[in-house]
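A short worksheet on the structure shown next.
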Number of protein chains: 2
Amino acid sequence: MTNNPARPLHLRIALVGDFAIGPGKADLLEGIRDTGSIAAAGRRMKMSYKRAWSLVEAMNSAFREPVVETERGGSARGGARLTSTGEEVLATYRRMMDKAGKAAAPEIDILKSMLSPDATSNANGD
Amino acid sequence: MTNNPARPLHLRIALVGDFAIGPGKADLLEGIRDTGSIAAAGRRMKMSYKRAWSLVEAMNSAFREPVVETERGGSARGGARLTSTGEEVLATYRRMMDKAGKAAAPEIDILKSMLSPDATSNANGD
């Protein structure tokens, strides 16, 4: 899996059974909020429409209220928007990431300080 | 990916370039420490010997000092043990997980409280 340098921390939380929330579902919710479309949100993440739909369906089933509402009979494939539950799930996940990232920062610095200078200079380019 | 109920938090840190440390590498280090063998540590995780070796090699290259030392010419496939660097990487990762988990706990509780009762009861069996 390729790292995203802008997001060194990859955090996934198992909530119940096989249902977890991590960067994929959070980014998808954010994309739907920003684009008003499940298809467009998926494309932004290079995720198939089928995969994006299946993640939305998994979230809609797992939470008490749906996280995404779709408008059938609208424009091509209809529009989609976050419900208030979807907004809350996204905001809660982002807040959790922020807190976990701050808590983990000293240990991340220690691990980085233990890296080989070769590994560091190679990654910094040329 | 299947969730491990004993470890709801899955945390991976991108340290440099494509090199990250997460539960797989941490568990492998712990297994080598406990079993004295890369092969046995891999088996414990249902990981192929080849995969276990490649993770050890990636860590040995990325850090300034090797994290695992192997004894060639010993028993079958030789023994392996963590170096002091390996012990420190493992302890630092575990401490980071612990701090991040505590920091994230209130948001995890919020997300769990938003789950559908059906999702919860199905996962609890029957």
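Below, each value reflects all heavy atoms present in this structure, side chains not excepted, and no hydrogens, waters or symmetry copies. First the proteins, then the strands, lettered A, B, ... as listed; each starts at 1.
Inter-residue side-chain proximity for I110(A) and R95(B) is flagged as met; some heavy-atom pair is nearer than 4.5 Å. Between K112(A) and V16(B) there is no side-chain heavy-atom pair separated by less than 4.5 Å. Taking 4.5 Å as the limit, some side-chain heavy atom of V89(A) sits within range of a side-chain heavy atom of M114(B). By the 4.5 Å heavy-atom criterion applied to side chains, I21(B) and L111(A) are counted as neighbours.
How far CG of L15(A) is from OG of S113(B): 10.0 Å, rounded to the nearest 0.5 Å. With rounding to the nearest 0.5 angstrom, the CZ atom of R12(A) is 9.0 Å from the CZ atom of R12(B).
Counting heavy-atom neighbours within 6.0 Å of R94(B) CZ, excluding the residue itself, gives a total above 12.
Considering every non-hydrogen atom in both A103(A) and A103(B), the closest pair reads CB-CB, 3.7 Å. Shortest non-hydrogen contact noted between A119(B) and A62(A) is CB-O, 3.7 Å. Nearest approach of M96(A) to A104(B), heavy atoms of both residues: CG-CB, 3.4 Å.
For T92(A), the parts sitting under 4.5 Å from any heavy atom of chain B are the backbone and the side chain alike. Contact of T85(B) with chain A is made through backbone and side chain together, with heavy-atom distances under 4.5 Å.
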Quiz prompt | Audit row: R64(B), L115(A), side-chain contact (heavy atoms from CB on, under 4.5 Å) steps and yes/no | solution = CA-CA 5 Å; R64(B) 184 173 290 131; L115(A) 292 171; over 6 Å; no
